[in-house]
Engineer: 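Take a look at this one; I'll ask things after.
These values consider heavy atoms only, across backbone and side chains, with no hydrogens, waters or symmetry-generated copies. Small disclaimer: the values here were computed from a predicted structure and weren't measured. Throughout, a chain's letter reflects where its sequence line sits, starting with A, and its residues are numbered from 1.
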Amino acid sequence: MRGGSAEAKSDDSLDETELMRRARTDRAAFEPLYWRYRDRVYRYLRTRTPQEEDAADLTQQVFLRALDQLHQYDQTRGSVAAWLFGIARHSATDSRRKHGRRLRSEDGLEAVLALAAGEMVETEVIRRDELRHLERALATLSRGQRELLALRFAGGLTIPEMAVVVGKSSEATRKQLRRTIQSLEEHFHDTDS
Amino acid sequence: MTRIHDAYPDLLDASSAEPRRRLLTTLDHLYCTARLPSAVDYPVMIAIRKPPSIPVQGERRSRVLRPLNALAGASCLLAVAALAAVFRPSSPAPVSAQTILQRAVAAAISHNAALHVVYRVISYASPLPGTLPPARLNGIERDDIWESFDARGQVTHWTETNTDSSQGVTTMVGRCVGRAGAARCYVYEPASKYLKGPSTTSETEAARGCTQIEGPLCNADVLTGAGVARVLTTLLRHSPARVRLLPKQRLNGSPVYPIRVRETDFPRRRGPTITYFFDADTYILRGMAIVPPHAPGFADMASSFMTLVRHQTVPLSAVPPHTFELNPPSGKQVLP
């Protein structure tokens with residue numbers, strides 16, 4: 001479920017809105033949403049924290065916080081995904097503030113790259129090389145651009161959902177994402193060749 | 001159209017060139033490889049599902065630090081003396097796993113009294129991360145523990161009774177009673193009326209049997225907060241990287257400190273992850289989650305989640321008769 005067909009997305013949105021409505025009086029209705037988003041939120045938070053365990057703990061906090069704030073969800077302001085990732089983004093920022101500047105890396109991308117490389121089987125040499133090229137290309141992006149990539153790829157958010165999370169218009173977000181991909185493409189294939 | 005086309009229709013279409021497709025494939029692999037460890041699910045599931053309202057019965061909320069005796073030796077006395085300065089109702093958040101564990105040990109000491117602790121354990125067959133519905137329910141277990149303390153705060157007797165049930169029917173009862181460094185145990189299957197035991201095991205023999213499995217899963221005293229804390233304290237000293245204090249959270253409505261332990265020395269040197277949840281005020285053990293690793297060969301290992309149901313300290317005179325006697329049921333004996 002990553003920004004797929006408009007029709008499927010529409011069905012899911014109705015389903016999720018109804019689940020959220022029911023969850024206000026019966027928390028058990030939230031469970032399908034937890035299973036639907038747990039990995040996506042975790043993957044996003046992995047890009048925001050340097051350690052796997054920090055991301056796992058933050059993921060737990062995000063959903064516990066979401067359960068405490070069910071009554072605050074307003075469907076007119078955005079989808080359930082946008083709401084959840086808004087909580088995730090704030091949680092990551094709060095966590096970073098609490099830990100101060102002792103974090104070596106700005107975000108968790110180093111660890112994510114290491115994991116992605118480590119998960120490859122030995123025969124996937126080409127893919128491993130591509131990851132290395134990608135790492136160099138990603139280093140040319142700003143933190144905001146990397147955030148957009150994390151929301152789109154790790155979080156699987158649509159453009160409108162990303163716009164709600166980052167607090168910009170859909171059009172501005174779409175343009176920024178496209179420029180980011182183009183810039184990445186240029187650097188990716190420059191280092192590739 | 002490939003999976004990548006379906007996943008990213010806003011960034012890729014049928015006319016997109018190969019370099020774009022390769023870039024998105026690589027980005028997809030980069031960002032979408034990780035999977036959330038199952039151990040995270042437990043506290044969230046507790047908060048979502050809110051198990052049947054079983055309030056913890058007889059829980060003592062006293063925060064008075066009882067005087068220690070020579071149970072843990074001079075070094076522990078010094079540690080507790082230091083702790084006494086901070087062990088007060090409005091004490092600031094502890095800063096380390098060691099502090100939590102020391103408080104758990106200190107808070108559990110009783111004199112001329114008995115501790116009765118009951119846990120409810122739910123186990124799921126095989127960890128299936130990210131699936132909906134979650135893994136099949138394996139069974140429900142009740143873990144019923146008694147410990148008696150003498151005037152010096154020493155444990156003189158203990159019992160632990162595990163009752164397994166499935167769909168409301170008791171499938172197995174395992175019981176041990178211990179005193180003077182030895183334990184007698186039996187296992188009984190009501191359906192077949194097979195009785196295994198009673199057998200006698202010394203603490204030394206029990207410890208030897210657990211050499212392959214280091215850590216609290218095997219070596220714990222009776223499964224109370226203090227018992228677990230004593231073992232974790234030792235583990236923290238020898239293998240600090242395996243013990244980690246996690247951020248304070250809520251479990252079944254109560255604030256808790258989770259301490260996560262990575263087991264080791266299973267075959268292939270991978271083991272389960274166990275998270276112990278110590279009450280943030282009383283330091284009793286409120287819960288435990290055991291989740292096997294996501295690795296080939298472990299797919300058939302169960303996940304278990306334990307929740308405190310009763311925690312009560314009573315005078316020795318109030319302990320029900322025969323509590324510390326084994327009393328095995330009559331049944332067809334099988335070889336131990």
Engineer: Hey, what's the ring geometry for Tyr31(B) with Phe153(A), parallel, tilted or perpendicular (30° and 60° as the breaks)?
Structural biologist: parallel
Engineer: Is it the side chain or the backbone of Arg174(A) that comes within 4.5 Å of chain B heavy atoms, both, or neither?
Structural biologist: neither
Engineer: Of the backbone (N, CA, C, O) and the side chain (C-beta and beyond), which part of Leu67(A) lies under 4.5 Å from a heavy atom of chain B, both, or neither?
Structural biologist: side chain
Engineer: Going by ring-ring contact (aromatic ring centres under 6.0 Å, His included), name the pairs with one or both residues in residues 159-179 of chain A, residues two or more places apart or in two chains.
Structural biologist: none
Engineer: Go through it in stages, so that I can follow the logic: the residues are Ser91(A) and Gln61(A), the test is side-chain hydrogen bond (donor to acceptor under 3.5 Å, both in side chains), and I'd like the CA-CA distance, side-chain angles, deciding distance and then a yes or no.
Structural biologist: CA-CA 8 Å; Ser91(A) 299; Gln61(A) 285 178 42; 5.7 Å; no
Engineer: Sequence neighbours left out, what passes side chain to side chain contact (heavy atoms under 4.5 Å, CB included) with Pro19(B)? Give chain and number order.
Structural biologist: Glu185(A), His189(A), Ala17(B)
Engineer: So what's closer than 4.5 Å to chain B heavy atoms on Ala150(A): side chain, backbone, both or neither?
Structural biologist: both
Engineer: Indicate the ring-plane relationship of Trp83(A) and Phe30(A), choosing parallel, tilted or perpendicular according to the 30° and 60° boundaries.
Structural biologist: perpendicular
Engineer: Answer with side chain, backbone, both or neither: which region of Leu184(A) has an atom nearer than 4.5 Å to a non-hydrogen atom of chain B?
Structural biologist: both
Engineer: If I measure from the heavy atoms of chain A, does Leu27(B) come under 4.5 Å with its side chain, its backbone, both, or neither?
Structural biologist: both
